Protein chains: 2
Amino acid sequence: MPSPARVTAAMVAERAGTSIATVSLVVNGKDRGRVSAPIAERVRAAVDELGYVVDHAASSLARGSGDLVVLIAPDLSNPFFAEVIRGVRDTLTDRFQLVLSVTERGRQPVTADVRRFERLRPAGILVDAPAAGEDLSAGVPVVQLDAPGGTDAVNYDLATGVQELVAHLADLGHRRIGYLDGTSRAATFALRRRLLEDAAVAAGLSVSPIVGSADLAVDAGASAADDLLDDWLDDGVTAVVAAADTLAYGVLRAAAARGVAVPGRLAVAGFDDLPSSSVTAPALTSVALPGADLGRAAALRLLATFDGGAPEAPSLPTWLVVRASTAG
Amino acid sequence: MPSPARVTAAMVAERAGTSIATVSLVVNGKDRGRVSAPIAERVRAAVDELGYVVDHAASSLARGSGDLVVLIAPDLSNPFFAEVIRGVRDTLTDRFQLVLSVTERGRQPVTADVRRFERLRPAGILVDAPAAGEDLSAGVPVVQLDAPGGTDAVNYDLATGVQELVAHLADLGHRRIGYLDGTSRAATFALRRRLLEDAAVAAGLSVSPIVGSADLAVDAGASAADDLLDDWLDDGVTAVVAAADTLAYGVLRAAAARGVAVPGRLAVAGFDDLPSSSVTAPALTSVALPGADLGRAAALRLLATFDGGAPEAPSLPTWLVVRASTAG
DNA sequence: CTGAAAGCGCTTACAG
DNA sequence: CTGAAAGCGCTTACAG
């Protein structure tokens with residue numbers, strides 16, 4: 001039985017024997033001291049009986065903006081984003097409704113994505129791992145996530161985790177590191193690679209000039225790693241770091257297919273510490289980037305922006321989780 | 001530089017020296033035979049210069065509904081949904097804009113979720129793996145995904161994959177199967193379990209009455225499996241089937257922690273065939289449910305509904321992918 | 001405390 | 001071919 005007709009504030013008003021304006025006041029909780037208790041009660045009763053719900057389009061048109069918060073994220077095939085989303089959702093109060101938008105695989109959010117959502121008149125926009133060098137400003141508050149160098153961004157303290165990783169590899173006696181990068185233009189990936197190179201040099205290690213790249217799908221990582229494995233080994237590489245765990249899974253798969261022992265012949269590590277990284281063969285060493293923390297911090301910052309405050313942008317802790325893929 | 005002020009159709013009209021009505025016609029591509037070429041050209045130029053974009057709220061209010069398609073999905077920690085989303089996005093034409101909504105972990109979409117999005121006046125709503133027995137009808141077209149028994153649903157042919165799995169286990173000599181279910185009320189999970197039981201009986205196997213359940217997170221699956229492992233083994237179980245690969249990962253982890261050899265002492269299989277299922281230890285046997293196919297079929301059905309047609313609901317093929325966790 | 005009315009920015013008959 | 005006007009369903013000053 002498709003709904004016979006949208007129920008409007010006018011219908012509620014008629015039923016409650018009052019005006020549309022009063023209905024609006026009550027429904028929006030702005031009736032304190034403006035509407036008498038008995039009338040407010042009648043309105044609420046009518047709302048329940050009719051199943052009235054404020055029309056979003058009309059409301060945000062009249063008000064200038066609505067209660068939508070849009071989170072624009074790159075391709076969700078990286079389970080990392082599930083955590084981010086959870087953090088955002090758990091932090092946003094009931095006043096706001098979260099909707100997500102996902103870019104195509106391997107493409108980071110850009111200015112045009114923000115523009116497309118501005119027309120929805122959202123209360124605010126969250127942009128996760130945007131492409132570097134984009135102007136993401138809009139007519140509504142925008143908070144960036146994992147966007148080193150971005151305005152109004154919530155970031156990880158990647159340096160700490162990377163240093164722990166390099167120290168760990170150095171302790172194990174590794175001298176030369178191979179790197180598997182993401183293909184995307186995300187600033188966070190550029191930074192991960194640069195930090196690793198810096199830390200390696202500082203620790204007396206070297207990074208092989210043979211650097212692969214792939215989008216964050218396991219398959220793509222496997223085929224990129226498959227192409228490079230021999231070259232890496234010839235170049236004296238004994239440890240490969242991937243820009244994300246999903247890429248590292250690809251390296252594990254390629255190594256297994258080629259009979260390259262991990263970690264005996266090649267140590268492997270990633271970034272993210274996904275839940276499934278504890279069950280890979282072998283279990284994966286990874287720089288933990290707690291996604292829910294990132295989502296939570298970004299949502300808090302957006303909320304603060306609504307209230308006029310623009311708090312200090314936090315830097316979220318990261319750390320190394322050592323498992324068998326390096327320590328074996 | 002926050003946008004100085006929303007640019008409206010009135011501003012475009014003034015610049016182009018025409019009326020608002022004409023701007024609307026041109027912008028919506030309804031100008032053929034209604035607006036002269038030179039004027040249409042002037043409007044388009046003004047649109048470009050001003051960077052005008054139709055206001056979604058105003059447009060959908062005037063028109064009755066907008067160009068949004070909402071996909072409501074359960075918790076994204078299951079990477080399966082990333083595939084579904086990709087299928088939907090790649091199929092929806094440029095006329096529509098996809099936005100996602102995610103329920104809390106372990107909760108399936110219900111009627112209230114649909115209601116909440118009706119007020120956005122979307123063109124249509126897609127609901128993935130809804131709770132059983134919910135009335136999901138709305139004032140706009142609704143298509144359900146992986147919702148056995150649901151109205152207007154696009155489903156998998158689960159029976160085939162399950163039969164292949166049971167035949168495979170029977171071939172290997174297994175006689176008694178343990179089952180790890182999802183906690184959610186999704187109809188698709190109820191069906192998976194029932195089909196497995198039926199197929200087992202038909203093949204002369206039995207299913208242990210000891211059935212665990214957990215939400216689809218790896219951690220939850222591991223702790224549920226950890227609780228049941230001894231009981232299963234005592235009960236003569238030699239193979240455990242989990243309702244989703246993420247749950248099966250949990251079983252693998254629990255077994256490894258307890259020193260239970262897989263598949264030597266216990267075979268393990270799941271549903272979904274996620275990308276990471278090829279890199280687990282051991283690699284996981286799974287009933288493949290191609291997520292992108294599901295998304296694509298659902299989007300096509302929605303598109304067809306817009307055009308008045310309600311095509312036959314397809315049943316999407318599933319199949320068994322055998323890996324080391326059973327065959328090893 | 002309450003309601004009539006203007007206005008949010010569009011779309012779409014309707015007249016010309 | 002073109003534009004003035006009504007209307008979509010709200011919210012919010014503004015009068016009373």
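Lettering follows sequence order; numbering is per chain, from 1. Remember, it's a predicted structure, so these values are computed and weren't measured experimentally.
For the pair A:V142/A:S137, no side-chain contact is recorded, criterion being any heavy-atom separation below 4.5 Å from C-beta on.
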Inset, instruction - Would you give a per-nucleotide map of nucleotides 3-13 of chain D, 5' to 3', where B means the base has a protein non-hydrogen atom under 4.0 Å away, S means only the sugar-phosphate does, and - means neither? - result: BB--BBBBBB-

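No donor-acceptor pair under 3.5 Å is formed between the side chain of B:T103 and the backbone N or O of B:Q108.
For B:R296, the salt bridge (Lys or Arg N to Asp or Glu O under 4.0 Å) test picks out B:D293, with sequence neighbours left out.
A distance of 11.5 Å separates CD1 of B:I20 from CE of B:M11, quoted to the nearest 0.5 Å.
None of A:I85, A:V99, A:V102 except one satisfies the side chain to side chain contact (heavy atoms under 4.5 Å, CB included) rule with B:L100; the exception is A:V102. Just one of B:D94, B:L92, B:L98 meets the side chain to side chain contact (heavy atoms under 4.5 Å, CB included) condition when paired with B:F96; it is B:L92. Among B:V7, B:V27, B:V54, the single residue meeting the side chain to side chain contact (heavy atoms under 4.5 Å, CB included) criterion with B:V47 is B:V27.
Counting only Watson-Crick and G-U wobble pairs whose two distances sit under 3.5 Å, DNA chain D takes part in these stems of three or more pairs: C:1-3 with D:14-16, C:5-12 with D:5-12, C:14-16 with D:1-3.
By the 4.0 Å N-to-carboxylate-O rule, B:E134 lies close enough to B:R185 to be salt-bridged with it.
Residue B:G33 is in sugar-phosphate contact alone, with no base atom involved, counting any heavy-atom pair closer than 4.0 Å across all strands shown.
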